[in-house]
Amino acid sequence: MANLVFDTYGKTRVRLMQVLRGDHAHEIMEINASILLQGRLAESYTTGDNSQVLPTDTIRNTIYILARQHPIESIEQFGWRLGRYFLERISHLEAVNVAIEQTPWDRIASHDSAFAQSSKEQRVTRLNVARDGEIIVSGVRNLQILKTSRSAFCGYMKDEYTTLPETKDRLLGTVLDAEWTLSRAGQNIDFNQLYAHVKSVLLDCFATHESLSVQHTLYAMGEAALAKFEQLQDVRLTMPNKHCLLFDLTRFGLDNPNQIFVPTDEPSGYIEARLSR
């Protein structure tokens, strides 16, 4: 006999764009939202009894309706509102898991109603909204960053297959995924301000750190964020090493004083760590 040990269901990748029309200028909020419900839903699997199942089509509609009734101020606040909505209306639910990705739109010059997308960067949040509290994780994804100084890689392990030369002056490029868990999840947090400040600290540390490896800089970035913001319980950073390879110009009778590189997307080194208090 089979035992149902875990189940969840919901609606994923619901796309929504909201235009916030202020008196003098517009703002754009574009999101991709997923909502998964957990609770006493086993009968829908084991016997086909759908009496406790809210259609996923209804879940999708609710996202649009709540955005109309309560314009999106931050993805964390909106995610919390969605989670609480379903918990308060459906008594047999135990928790609601919400994940939201925000696609950034930048204003074109000083125009009030014209925008452009400048990168693949996304602001993200994940929430577990339960009856006994909530966990809120905020972060940034696909943030491409590069430094052309203060980066070295020496003293590493070598064997008969090692061909990589040591260097004290290399390009350090990565696509940063960062997320941080809030130790005091609550509605009194200015999520937009906190996001901007955490991101700023991470990038400033990346730029100024005297890097001995990607691991070394990753740790310094997480340490700086935890030291600066007491609201953060932990920080998880993923920093694949996007290599820029020095091109050999000697065969053409030219030197290459760290100026001409070949960017490569793959394969790439993969570095990840989670720092906690």
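Sequence positions, counted from 1, serve as the residue numbers for this chain.
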With the threshold set at 4.0 Å, does a side-chain nitrogen-carboxylate oxygen contact exist between K228 and E223? no
Carboxylate-amine/guanidinium contact R15 E30, below 4.0 Å: yes
Do S138 and E76 have side-chain atoms, one donor and one acceptor, less than 3.5 Å apart? yes
State, without any angle test, whether N97 and Q38 hold a side-chain donor-acceptor pair at a distance under 3.5 Å. yes
Test of understanding: clusters of I, L, V, M, F, W, Y form through side-chain heavy atoms closer than 4.5 Å, transitively. Do L176 and L146 belong to the same one? no
Charged N to carboxylate O under 4.0 angstrom, R141 versus E101? yes
Quick check against the 3.5 Å criterion: does T125 have a side-chain atom that pairs as donor or acceptor with the backbone of V137? yes
Under a 3.5 Å cutoff, is there a donor and acceptor pairing between the side chains of S268 and N241? no
Does a donor on one side chain sit under 3.5 Å from an acceptor on the other, for D49 and S51? yes
salt_bridge(E272, R236) N-O dist < 4.0 Å: yes
Quick one: do the R150 and S211 side chains pair a donor with an acceptor below 3.5 Å? no
When you check the side-chain N and O atoms of H209 and T217, is any donor under 3.5 Å from an acceptor? yes
Could you walk me through whether L172 and F153 pass the side-chain contact (heavy atoms from CB on, under 4.5 Å) test, one step at a time? CA-CA 10 Å; L172 175 52; F153 190 47; over 6 Å; no
Report the distance from atom CZ of F115 to atom CD of E27, rounding to the nearest 0.5 Å. 5.5 Å
Tell me, with the steps shown, if E179 and R126 meet salt bridge (Lys or Arg N to Asp or Glu O under 4.0 Å). CA-CA 9 Å; E179 64 178 32; R126 294 185 291 107; 2.7 Å; yes
With side-chain contact (heavy atoms from CB on, under 4.5 Å) as the criterion, how do F247 and F252 come out once you've worked through the C-alpha distance, each side chain's angles and the decisive distance to 0.1 Å? CA-CA 11 Å; F247 189 75; F252 305 107; 4.1 Å; yes
Quick one: do the Y64 and R60 side chains pair a donor with an acceptor below 3.5 Å? no
